[in-house]
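One structure is given here, and the rest of the page talks about it.
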Amino acid sequence: MIDIAYLRERRDELAASVARRGFEIDLDALDEIDRARRLARSESEEVRNKQNTIGKSIAALQGKEREAAIQEAGQFATRYKALLGSADDLDEKFNALWTTLPNMTDPTAADGFEEDDAVEISRYLDPTVFSFEPKDHVDLGVPLGIVDIERATKMSGSRFGMIKGKLALYEMALTRWTMDMLSGHGFTPILPPVLVRESALYGTGFFPGDRAQVYSVEQDDLYLVGTSEVPLAAMHGDEIFDEESLPLRYVGFSTCFRVEAGTYGKDTRGMFRVHQFDKTEMFSFVHPDASRDEHDFLLEREEELVRALEIPYRVMNVAAGDLGSSAAKKYDIEAWFPGQGRYREITSTSNTTDFQARRLRIRFKDDRGENRFVHTLNGTAIAMGRTLIALMENHQQEDGTIRVPEALVPYTGFDTLDAR
RNA sequence: GGAGGGGUCGCAUAGUCUGGCCUAGUGCGCGCGCCUGGAAAGCGCGUAUGUGGAAACGCAUCGAGGGUUCGAAUCCCUCCCCCUCCGCCA
């Protein structure tokens with residue numbers, strides 16, 4: 001949800017933002033509804049005030065006077081109900097439209113509407129060069145006995161994978177390493193619930209838009225999260241922070257579940273796009289003036305991690321029209337995947353400004369004692385599935401084994417992924 | 001799964017039976033002031049959220065939504081949530 005002041009006082013900015021996303025809405029009509037509902041509201045309140053005033057006097061009255069007052073108050077009560085009804089109807093009409101609006105777009109977000117419109121802003125290392133024909137993660141992992149797609153499919157169907165042996169230990173090591181790296185930067189590690197209520201998904205902006213991408217557990221009316229961003233954000237819902245307690249930074253670890261509806265035929269090989277994977281995720285609650293810097297900070301953390309993993313990558317400024325509804329601006333890190341011969345997304349960091357904070361009512365008390373919305377940001381630390389694939393494919397050796405980057409060796413306890 | 005107890009302005013509670021003096025009391029916490037050499041204690045004042053308004057002020061909110069009534073924290077209906085005990089269980 002965005003600040004209604006944009007509609008009332010800064011309509012041009014709002015129109016420009018919406019246009020950059022390719023989102024269509026009639027702002028003039030919306031403004032008219034807003035005016036009408038405010039008028040209806042204040043009319044109803046005036047009548048209510050009169051009704052209240054008379055109503056209070058009734059207790060002290062007797063006999064005829066009392067009867068007359070009840071009569072009069074009754075008339076106001078009837079009028080009030082009618083006026084209140086129309087004010088409520090207008091509110092509902094307004095909100096139905098207003099809540100579909102995507103966040104205000106950051107002026108520095110790239111122009112365009114599609115994935116291909118993203119603008120590359122930096123690059124690290126060149127695509128890995130091999131003296132032999134590189135394999136992809138399936139051809140590497142299956143012979144080593146560290147990846148098993150067939151059996152995962154047998155149990156669970158397509159888009160599932162199974163990680164075994166040293167690769168399983170590798171993931172554990174990566175997780176712990178990420179937690180250590182980020183807690184060193186002031187992020188508090190969290191292992192959140194992965195089943196959440198509907199309100200958590202609305203609050204973070206995934207509902208109603210992405211409903212089809214989320215698994216639901218009907219038995220208890222809960223939903224499996226696609227990212228720990230959801231619980232990390234929603235856990236502070238309805239809270240008011242002291243200004244001094246900001247920024248608040250968390251790194252969550254959770255399994256992530258995604259329906260991947262509408263991706264049939266896309267990335268069907270191996271474990272690149274699966275229904276279930278593990279991910280460490282950064283999440284920040286910050287002062288509104290600090291969110292731009294925090295976004296850079298999160299990107300720096302992501303780059304720091306990927307660099308330590310010795311994976312070639314490029315950083316992309318995602319096009320305005322390709323942003324999710326809650327993001328004002330988003331950077332993707334795309335890693336080089338030798339098996340695919342191209343760059344693919346492995347992390348993503350978004351500045352959602354006050355969009356989620358408004359929906360979740362997360363505020364802070366500023367130095368004048370006023371409650372203001374915080375800004376929230378999220379960023380992938382390590383998405384295990386894809387990162388393991390990138391590590392396998394980039395660090396493969398001619399004999400089919402896989403080298404472990406130096407930074408990770410203290411965590412894995414081995415320096416090579418092999419069959420043993 | 002079974003049985004019971006609850007959701008009130010940061011926290012803890014009063015109020016609900018018997019509708020109107022609830023404009024929601026009290027304690028704790030927090031802030032400011034007085035007092036003091038300084039502090040503690042004590043005393044005084046203030047201290048929920050949203051919304052409309054330039055402001056004065058109004059309106060709404062006692063888990064949520066409906067209903068009864070001139071009037072609902074209080075009565076009625078539906079739903080949600082939390083807790084305790086028993087059972088089961090990593």
Side-chain angles (χ1 to χ4, degrees), chain A residues 1-9 30-96 98-99 191-203 207 216-223 231 234-246 248 253-255 285 354-374:
Chain A
M1 205 179 325
I2 63 182
D3 190 342
I4 202 161
Y6 279 107
L7 179 68
R8 294 175 184 166
E9 293 149 27
L30 200 54
D31 185 58
E32 222 157 276
I33 300 171
D34 182 42
R35 286 171 195 281
R37 76 186 179 121
R38 276 192 285 173
L39 185 66
R41 182 69 53 190
S42 75
E43 278 176 357
S44 78
E45 286 178 3
E46 262 174 54
V47 173
R48 178 64 157 173
N49 186 350
K50 287 178 187 158
Q51 186 206 334
N52 281 344
T53 308
I54 297 168
K56 274 172 195 160
S57 71
I58 290 174
L61 297 176
Q62 297 291 331
K64 262 191 182 167
E65 282 189 334
R66 186 183 171 97
E67 287 309 312
I70 288 176
Q71 275 282 322
E72 198 184 357
Q75 282 165 16
F76 281 120
T78 308
R79 271 183 65 196
Y80 172 66
K81 270 176 197 158
L83 288 168
L84 183 69
S86 61
D88 286 348
D89 287 348
L90 285 166
D91 269 354
E92 203 175 307
K93 202 169 156 193
F94 180 83
N95 287 329
W98 190 247
T99 52
L191 301 175
V194 294
L195 283 165
V196 298
R197 296 210 175 104
E198 194 175 45
S199 60
L201 287 155
Y202 269 107
F207 279 9
S216 63
V217 177
E218 275 174 32
Q219 185 180 7
D220 274 346
D221 264 327
L222 293 170
Y223 298 84
M235 69 176 173
H236 282 305
D238 277 317
E239 293 184 22
I240 301 173
F241 300 124
D242 293 329
E243 189 167 353
E244 303 79 55
S245 62
L246 301 176
L248 221 53
F253 170 83
S254 81
T255 301
F285 299 85
D354 61 359
F355 189 84
Q356 293 180 330
R358 280 177 191 281
R359 290 181 167 221
L360 291 165
R361 291 175 307 280
I362 303 173
R363 291 157 292 177
F364 72 99
K365 206 173 271 296
D366 72 9
D367 47 17
R368 287 179 311 185
E370 277 182 34
N371 294 328
R372 298 170 59 193
F373 291 106
V374 299

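Reckoned from all heavy atoms, side chains included, excluding hydrogens, waters and symmetry mates. Sequence lines set the chain letters: A, B, ... in the order given, protein chains first and strands last, and positions in each chain run from 1.
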Span that lies between the P atom of B:G65 and that of B:C70, in whole angstrom: 23 Å
Spacing between A:Lys365 atom NZ and B:U47 atom P, to the nearest angstrom: 12 Å
Side-chain heavy atoms of A:Leu30 within contact of A:Asp34, under 4.5 Å: no
Side-chain N,O (A:Asn49) to OP1/OP2 (B:C59) below 4.0 Å: yes
Counter-base of B:U18, judged by Watson-Crick or G-U geometry with both distances under 3.5 Å: none
Same-atom distance (C1') from B:C88 to B:U16, integer angstrom: 38 Å
A:Asp89 and A:Lys93 ion-paired at < 4.0 Å: no
First of A:Lys56 and A:Ser42 reached from the 5' end of RNA chain B, by closest nucleotide: A:Lys56
Between B:G15 and B:G2 - P atom distance, rounded Å: 32 Å
Separation between the P atoms of B:C81 and B:G29, rounded to whole Å: 35 Å
Under 3.5 Å donor-acceptor pair, A:Glu45 side-chain atoms to B:G52 base atoms: no
Distance, rounded to the nearest Å, where A:Tyr80 contributes OH and B:A72 contributes P: 10 Å
Side-chain donor/acceptor of A:Arg48 to base of B:G71, under 3.5 Å: no
N or O in side chain of A:Asn52 less than 4.0 angstrom from B:C59 OP1/OP2: yes
Spacing of the C1' atoms in B:U61 and B:G7 (rounded, Å): 15 Å
Sugar-phosphate, base or nothing in reach of A:Arg197, heavy atoms under 4.0 Å: sugar-phosphate
Integer angstrom distance from the C1' of B:U8 to that of B:G27: 15 Å
Short side-chain N/O contact to B:C70 OP1/OP2 from A:Gln71, under 4.0 Å: no
Identified side chain to side chain contact (heavy atoms under 4.5 Å, CB included) counterpart of A:Phe241 within the set A:Glu239, A:Glu244, A:Glu243: A:Glu239
Nucleotide forming a Watson-Crick or wobble pair with B:G53, both distances under 3.5 Å: none
Nearest-Å distance for atom pair CG/C1', residues A:Asp88 and B:G66: 13 Å
Phosphate-side-chain proximity, A:Arg41 and B:A60, N/O vs OP1/OP2 below 4.0 Å: no
Separation of atom CD in A:Gln51 from atom C1' in B:A60, rounded to whole Å: 14 Å
Short side-chain N/O contact from A:Arg363 to OP1 or OP2 of B:U49, under 4.0 Å: no
